[in-house]
Every structure is written in structure tokens, then in C-alpha cells.
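Worksheet for the structure shown next.
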2 protein chains.
Amino acid sequence: MQNDVWSPTPVLLTVDLVILTLREGRLHVLLVERGEDPFRGMLALPGGFLDHDGEEILDAAHRELSEETALASGWVHLEQLAVYGESGRDPRGRVVSVAHLAIAPGLPDPIAGTDAADAAWVPAEGVLSGELGLAFDHRRIAADGIERARTKLEFSSLATAFCGEEFTIAELQQVYEAVWGTELDTRNFYRKVQAVKGFIVPAGTDRRTTGGRPARLYRAGPRTVLFPPLIRPALSATEENTRGEE
Amino acid sequence: MQNDVWSPTPVLLTVDLVILTLREGRLHVLLVERGEDPFRGMLALPGGFLDHDGEEILDAAHRELSEETALASGWVHLEQLAVYGESGRDPRGRVVSVAHLAIAPGLPDPIAGTDAADAAWVPAEGVLSGELGLAFDHRRIAADGIERARTKLEFSSLATAFCGEEFTIAELQQVYEAVWGTELDTRNFYRKVQAVKGFIVPAGTDRRTTGGRPARLYRAGPRTVLFPPLIRPALSATEENTRGEE
DNA sequence: CTAATAGTGTCTTTGAGACAATATCAT
DNA sequence: ATGATATTGTCTCAAAGACACTATTAG
């Protein structure tokens, strides 16, 4: 392909972030209000072009993440999600976006990034339902990111990324319930979570009181792959074809 | 980010393909011998730059696929795998590759593509073990593609993409065994596969004889998501942390 | 004591894995 | 019948889901 007179078409690369966290027991996505054209004033995922020449994609994602959340990157889970490159997705021309998924524990209120007039945590359901208009194809990207998080909760220890360093089992359950949008039986959840070796390990015993018996604290264990997995209930039974991106 | 004098860095986009098929009961990957520099003469995944201006990424993947396999694209499963963009991965400069995973039923011997001096099916284990040197970071891409296929076999109906339109349960089992690299109990496999509603549906009854009782034929059913899933045995028990890309 | 939250136990059903037996073809 | 392959059963154990109970704190 790369022979003679013909030469390949360059494209512009952006990095977009689906940053998820839990606030008041509900799943939230970080959105920014665009301060520039196109889509000025509209809500969008945080992101931007690759910076200086030769910036690595993952570095750019980390940079955008800290610009927007002002958080120690080391504490945030960050992974590549997918590429969105359909021509027409960006009015400026051929702009290809490498979307990333970031998971963070209850974050402070966001700070306005360089690019964004304003930034805010928005409930995930509002994004999924489409009642909020998002710039570009960002609604689809957000939906893909949320779906990825839902699936990874089942088989990986991703849920602990939503928690602080130490957490109770009840808090962990809240993560599952919020991300999956279901209710889980507390008793069964206790049993299952503890049955997965290496998922969570005890960390100290008691903690700040909440009026009842103090909970035990745990922290993320060495295992990143859960076995047995924690299957989400919805699709087990009634649900027909859900899940699956492709 | 995209303000004032500063302007974003363009990159070159390529599409690379991990094309998998079954040959003689073993998993194979399609590799080409590069006819151009860099890495001239070395083995690599089929792929190339985006073609004419504004070619869609997915279209480019389809194009490369049919150039290399000469197969009706409609019959081949094709999905995006991941993006590989580390600077230094391509000596020509900043070249970002969107890797794709393709699954096809037993394919005819490959034809040489435009770009490739030669093309051949290579056993997957040879690629994974590293005994074959691959150009660029293609060994890692191939490994990621194979791992993706292994995982998707568990929860999706992807396995049927390795088979022809009609297939026997024994053939389907061969797919699982080859891709997972394990042996499965025929009796249990029968039971489990048939228990998944909508996975496979009966198609005709008998078939070409093989010396014993003729097998029933099936074709892919409407379900793309398997429930219950077909968990691969290895990681259930002894295996420690395997699986999981991130 | 009561209220409140944390954690354990039991029972039933479903699916996984090991393994035996039967069915249907060609010869 | 024999050899070969396909298909159906059976039995045991692990894990899911429903649900009742005990434990430990604050007041």
C-alpha cells in the first residue's frame, strides 16, 4: 500500500475520557461545557488533541485526566476503550478519537480545565437516556464506557477502583448496585465477595461509627481477575439479548 | 487545547488485522511477508494505511481483509480490537494502528496482497511463543487478538464464526478446543451447548458419512450473548491470575 | 432496653464436571 | 455382528438466590 506517488492521509488524533465515579450512591460521568467551537457551550466528554509532538496516547489521557480532576493519577484506573473515527463525527475534518475509560473514587468537585468553560458530574442515566445532548458522538462513547464498566465489574476487581484505599463490603456493594443499576441481596453479596480469593483483603478492623455495629475494613487484594465471577442478575434470567458491543 | 497558534500533530493511521481460522483442528493466524521496508522480508499482520482520503477505518479493515483472503466479507466476523500508538513502534514515524480481529471459517490458502510478497496461515502457538519474529509490535497485537477471541468464545456466539454455515456439535467443540488450547468432555459439551437457548438451531438432519452415526447439523442461532456462558476450564481451578488485558 | 447497621447460617435449585450407557450409521 | 461415531443419562459437587437469624455498636 505505501508505495510510489500515493501517500497516506494524515489524521488528527484526540483523546476523550469517560470518567466514572460514585456520588451519593449513583453513577456519575464527568462532562465539560465546551468553551470553543465546534459545539461551543454544549456538554462533552473531557478530552483534547495530542499535545506536543510525539505525546503518547496514554500520556495524553493521563494529562487530560489530571487537568480535569486534579487527582493523583496513580489512584485512578485508566484503560483504553475504543477508537471512534467515522468521518463526519467532527465538523473540523478527519479527527479520530481514542476514547478511554477512567474510574475514580468519590472525587472532589471538578475544576475547569484549560479547554472547558465548566465541568460537572452528571448522573449516568441522564447521559444514557439521551435527555442531555452531548457534542460529537460522545453520548455513544459514554454509553460504551459505561457498558464496559458494567461488564468488567463482573470479572475483574474494577469495583475497588470506585472505592477509596479502604472500604467496607457495604460500600463495595453500593458500587455494584450503582453501576449495574440493580439491587443486590446483602447477605449473598457478603458471601460471594469473600469467596473470591484475593479480591479483597482485611485492613484494620473498625472505623468511624455510623450508629450501628462498626464495619470491617478491606482493601483491594492482589487478584485482578475474579473467580468465581460476580454475574449481574438482570441478564441471567428474563433479559434477552443485552450486553456485547460488537 | 485547540486554541491560538498551537496546532495539533497529525498522525498516520493504519489498519492491522488479526485474522483467525481453524486448520486441521488448530488455530491459525494469517501472516504476510513484508514486501517493503521497513521490516522487508519479515512476517507481519496484514494491514496498511488508510486508502483514499476519508476512507472509514472499518471500510479499510474490510478492504484489507478481502485483499488478503479473497472472501465474501459478509461471512467474516470483524471487530475493532485496540489502538497501538506508542511512538517508536514504527520506524517511519508516528504511525498509529487500529487493530482489528477477524474470524473466518476454514479459509482457502491466502492470496498475496498488494503489499505482501507472500501470505500464509501460521499456527497461533508459534506466534504466541515468539519463535517467529514479527514486524513492529505485531506479536503483541496478535496475542491480544487471540486473547480476545478466547474470552469472547465464553460469552458470545463467536465460535460459530469459525464454522461454515452448517456445522456439527463436534465441529463446534473443535473450535473451542483449538482456540482455548484445552480438551473438553464431549458429553458435557453437548449438554451445555444445547442448554444455551438460541445459540445453535437445528438445520437438516444427517450429512456426509464419516464411518459412524451421522451427526445432526446446526447453524448459528439468533443469540449473540450466551447464557449460561461456556467458561473455559483452565482458569476455573488451578490457574492463578490469567486473563484480563489491562 | 431499643434502634441501627454488620455479619453468619440454612435451604433449594441450577449448572459444571466426571463417567457410563445407548443409538445409528457403514461394512 | 463389528467398528466407529453421535447422543443421552446419571451422579456429585460448587455456586446462586431466597430468606432467617445472630452480633456489635450507640444511645
Side-chain angles (χ1 to χ4, degrees), chain A residues 25 153-155 163 166-177 180 182-197 199-218 225-239, chain B residues 25 153-155 163 166-177 180 182-218 223 225-239:
Chain A
L153 241 53
E154 299 183 281
F155 306 101
C163 302
E166 300 188 332
F167 50 86
T168 67
I169 294 190
E171 285 168 355
L172 194 61
Q173 181 180 349
Q174 278 181 30
V175 172
Y176 278 89
E177 292 185 328
W180 285 348
T182 57
E183 297 214 334
L184 301 174
D185 183 282
T186 313
R187 291 85 55 104
N188 292 336
F189 187 80
Y190 264 79
R191 195 170 25 80
K192 286 172 71 168
V193 166
Q194 292 183 320
V196 183
K197 290 183 303 187
F199 183 19
I200 56 174
V201 296
T205 324
D206 296 355
R207 200 169 64 135
R208 82 258 163 171
T209 170
T210 49
R213 170 177 176 176
R216 290 179 204 151
L217 290 175
Y218 296 85
V225 180
L226 306 189
F227 192 88
L230 280 78
I231 306 291
R232 57 177 147 162
L235 55 147
S236 323
T238 19
E239 297 273 335
Chain B
L153 241 53
E154 300 184 282
F155 307 101
C163 303
E166 300 188 334
F167 49 87
T168 67
I169 293 190
E171 285 168 355
L172 194 62
Q173 181 180 349
Q174 279 182 26
V175 172
Y176 278 89
E177 292 185 328
W180 285 348
T182 57
E183 296 215 334
L184 301 174
D185 184 281
T186 313
R187 292 80 57 101
N188 292 335
F189 188 80
Y190 264 79
R191 196 170 23 79
K192 287 171 69 168
V193 166
Q194 291 183 319
V196 183
K197 290 181 303 185
F199 182 18
I200 55 173
V201 296
T205 323
D206 296 354
R207 202 171 61 137
R208 79 259 163 170
T209 170
T210 50
R213 170 176 174 176
R216 291 183 204 148
L217 289 175
Y218 295 85
R223 264 295 182 88
V225 181
L226 305 188
F227 193 89
L230 280 78
I231 306 292
R232 56 179 148 162
L235 58 147
S236 323
T238 20
E239 297 272 337

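To find a chain, count down the sequence lines: A is the first, B the second, and so on, and within it residues start at 1. Just so you know, these numbers come straight off a predicted model, no measurement behind them.
Considering only heavy atoms from C-beta on, B:Tyr218 comes within 4.5 Å of B:Gln194 through its side chain. A 4.5 Å side-chain heavy-atom check between A:Val196 and A:Leu230 finds at least one atom pair inside the cut-off. Looking at A:Pro202 and A:Leu217, their side chains never come closer than 4.5 Å, going by heavy atoms from C-beta outward.
For the pair B:Arg213 CZ and C:dT24 P, the computed distance is 5 Å after rounding to whole Å. Summarising the geometry, the separation between CZ on B:Phe227 and C1' on C:dG15 is reported as 9 Å, rounded to the nearest angstrom. At whole-Å resolution of the value, CG in B:Asn188 and C1' in D:dT12 are 12 Å apart. B:Phe189 has its CZ atom 15 Å from the P atom of C:dA18, to the nearest Å. Going from atom CZ of B:Arg187 over to atom C1' of C:dC19 covers 5 Å, rounded to whole Å. Rounded to an integer number of Å, the gap from CG of A:Asp185 to P of C:dA6 is 14 Å. In this structure, B:Leu184 atom CG and D:dA6 atom P are separated by 15 Å, rounded to whole Å. Remark: P of D:dT8 and NZ of B:Lys192 are 17 Å apart, rounded to the nearest angstrom.
Contact between B:Glu171 and B:Glu166 at its shortest, heavy atoms only, is OE1-O, 4.2 Å. When every heavy atom of A:Ile169 is checked against every heavy atom of A:Phe189, the shortest pair comes out as O-CE2, 3.7 Å.
Side-chain atoms of A:Arg191 and base atoms of D:dA15 include no donor and acceptor less than 3.5 Å apart.
Comparing A:Thr168 and B:Pro214, the nucleotide of DNA chain C nearest to each residue sits closer to the 5' end for A:Thr168. Sequence order on DNA chain D of the closest nucleotides to B:Gly211 and B:Thr186 puts B:Gly211 first from the 5' end.
Taking side-chain N and O atoms only, B:Gln194 has a distance below 4.0 Å to OP1 or OP2 of D:dT8.
Note on B:Arg216: only backbone sugar-phosphate atoms sit closer than 4.0 angstrom, heavy atoms only; bases stay farther off. Heavy atoms of B:Gln173 sit nowhere under 4.0 angstrom from any nucleic acid atom.
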